[in-house]
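Structure first, then comments.
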Amino acid sequence: MYQLYYHPGNASLAPHAVLEEIGAEYELVFVDRAHDQHKSAPYLKLNPSGRIPVLIDGDLALFETAAICLHLADRHPEAGLAPAPGSTARAHFYKWLMYLATTLQTELITYFYPERLADDAAGAAQVKRHAEERVGGMLDIIEAELAGNGNGGAFLAGDAYSLADIYLMMLCRWTRGMARPAAARPHLARHIDQVAARPAIRRSFAAEGIEPPYFTLPGSAAK
Ligand SMILES: N[C@@H](CCC(=O)N[C@@H](CS)C(=O)NCC(=O)O)C(=O)O
């Protein structure tokens with residue numbers, strides 16, 4: 001049985017939803033961020049970067065969200081959460097998953113922790129503002145893709161649902177407090193609503209206590 005170290009709504013949400021889509025047996029292990037459990041010696045043995053999540057698969061302790069999702073897809077190919085290796089769809093899938101994990105997610109982390117990149121509160125506010133602007137530009141690129149300017153499918157990696165769609169949905173949720181959240185863009189709104197409506201995704205939300213509205217906060221620019 002897998003174990004997933006998680007905190008509600010954190011980067012652990014994507015692998016949690018992937019586990020639900022697969023129908024695998026797993027146990028959620030709560031990481032108490034209020035007490036910095038993710039910086040404790042036992043946790044750092046599992047993930048030396050002190051970040052959430054970690055997946056335990058037998059003797060394997062795996063960190064990095066995208067790596068965990070890909071490993072689960074590899075272990076359960078019957079779940080169909082990634083296109084066939086070597087296919088054009090797989091190439092697009094790699095491209096978008098890497099874009100999400102290395103570009104959009106990284107900028108979102110700057111948005112959430114601006115104080116790590118500044119010397120004082122004014123500097124942190126400036127970093128946060130720039131990060132929000134840059135996230136907006138990245139979301140516009142994904143919006144154009146979903147509108148059919150790129151490989152043009154209903155989903156991020158083409159015609160079939162994949163774990164890249166789950167990953168995108170998780171990151172879009174993180175923008176809900178922005179002046180112009182992901183859900184303010186019509187194609188992204190359609191996409192993330194479609195992903196969030198899936199029974200497996202709903203189960204992962206329910207288990208983490210995530211309630212609607214999922215992608216906006218009152219007063220945001222999104223409907
Ligand atoms: N690249 C890492 C980033 C994970 C990450 O930053 N997780 C956040 C929660 S969403 C975290 O643990 N933050 C605590 C910290 O940075 O101290 C991954 O995808 O696993």
Side-chain angles (χ1 to χ4, degrees), residues 2-21 26 28-57 60-75 81-82 93-118 124 127-128 131-132 134-135 138-139 142 156-157 162-178 181-182 192 195-196 201 204-205 207-211 214-215 217:
Y2 298 110
Q3 284 184 313
L4 180 68
Y5 284 73
Y6 88 109
H7 189 87
N10 280 200
S12 39
L13 180 60
H16 184 186
V18 166
L19 284 162
E20 279 295 332
E21 288 285 7
Y26 67 94
L28 288 176
V29 182
F30 177 73
V31 180
D32 186 355
R33 290 193 61 160
H35 293 95
D36 277 344
Q37 194 191 337
H38 53 311
K39 309 295 179 191
S40 68
Y43 190 86
L44 291 174
K45 274 195 185 155
L46 303 175
N47 182 353
S49 78
R51 308 278 184 107
I52 298 162
V54 168
L55 180 82
I56 307 295
D57 177 9
L60 173 69
L62 191 61
F63 61 91
E64 283 301 320
T65 308
I68 293 171
C69 292
L70 286 167
H71 174 67
L72 289 170
D74 288 349
R75 294 268 276 134
L81 290 174
F93 165 80
Y94 281 139
K95 174 188 68 184
W96 284 117
L97 188 62
M98 295 310 140
Y99 187 74
L100 295 177
T102 67
T103 306
L104 179 55
Q105 184 176 353
T106 304
E107 201 64 47
L108 280 162
I109 287 173
T110 299
Y111 168 79
F112 284 113
Y113 307 104
E115 68 285 354
R116 293 178 180 174
L117 294 169
V127 167
K128 192 175 182 76
E132 184 168 342
R134 287 164 57 86
V135 165
M138 294 166 188
L139 292 172
I142 298 171
L156 196 51
S162 76
L163 66 86
D165 298 298
I166 298 175
Y167 213 111
L168 174 60
M169 180 278 300
M170 175 185 78
L171 298 184
C172 286
R173 187 173 170 272
W174 292 358
T175 70
R176 67 196 184 284
M178 293 184 172
I192 56 186
V195 174
I201 306 297
S204 61
F205 282 4
E208 297 197 15
I210 295 172
E211 293 184 347
Y214 301 124
F215 302 112
L217 290 180

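The model shown is predicted, which means the values in this text are computed figures rather than measured ones. We count ligands from 1, going down the list as the structure has it; atoms in each ligand are counted the same way.
Taking the six-membered ring where tryptophan is involved, the planes of Y43 and H38 are perpendicular, since the angle between them exceeds 60° and thus also 30°.
In this structure, L217 and G177 approach most closely via the heavy-atom pair CD1-CA, 3.6 Å. Residue F112 comes nearest to K128 through the heavy atom pair CA-NZ, 4.4 Å, listed as atom of the first residue, atom of the second, then distance. Between A73 and A82, the closest heavy-atom pair is CB-CB, 4.3 Å.
Scanning the protein for heavy atoms near atom 6 (O) of ligand 1, the closest one is R51 NH1, 2.9 Å. In terms of protein heavy-atom proximity, atom 18 (C) of ligand 1 is nearest to T65 OG1, 3.2 Å. The protein heavy atom nearest to atom 16 (O) of ligand 1 is R116 NH1, 3.0 Å. In terms of protein heavy-atom proximity, atom 13 (N) of ligand 1 is nearest to Y113 OH, 2.8 Å. Counting protein heavy atoms only, atom 12 (O) of ligand 1 is closest to I52 N, 2.8 Å.
For ligand 1 and K39, the ligand atoms under 4.0 Å from any heavy atom of the residue are 15 (C), 17 (O). Atoms of ligand 1 lying under 4.0 Å from any heavy atom of Q105, numbered from 1 in the order shown and given with element: 3 (C), 18 (C), 19 (O). For ligand 1, the atoms closer than 4.0 angstrom to any heavy atom of P53 are 20 (O).
Counting heavy atoms from C-beta on, the side chains of Y2 and L72 come closer than 4.5 Å. Counting heavy atoms from C-beta outward, L55 and Y26 have side chains that stay 4.5 Å or more apart.
Proximity of M170 to ligand 1 is not established, as no heavy-atom distance is less than 4.0 Å. Heavy-atom separations between H7 and ligand 1 are all 4.0 Å or longer. For the pair F112 and ligand 1, no heavy-atom separation below 4.0 Å is found. Remark: distances from the non-hydrogen atoms of A101 to ligand 1 are all 4.0 Å or more.
One finds the CZ atom of R51 at 6.0 Å from the NZ atom of K39 (value rounded to the nearest 0.5 Å).
Looking at I68, N10, L108, it is N10 that brings a heavy atom closest to atom 9 (C) of ligand 1.
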**Asked** Can you list the steps and then say if L70 with L97 is a side-chain contact (heavy atoms from CB on, under 4.5 Å)?
**Response** CA-CA 10 Å; L70 286 167; L97 188 62; 3.8 Å; yes
**Request:** Go through L156 and F93 one step at a time and tell me if the side-chain contact (heavy atoms from CB on, under 4.5 Å) criterion holds.
**Result:** CA-CA 7 Å; L156 196 51; F93 165 80; over 6 Å; no
**Message:** Between Q105 and Y167, is the side-chain contact (heavy atoms from CB on, under 4.5 Å) condition met? List the steps.
**Reply:** CA-CA 10 Å; Q105 184 176 353; Y167 213 111; 2.6 Å; yes
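On a distance-only criterion, A11 and ligand 1 share no N/O pair closer than 3.5 Å. At under 3.5 Å, a nitrogen or oxygen of E64, whether backbone or side chain, sits near a nitrogen or oxygen of ligand 1.
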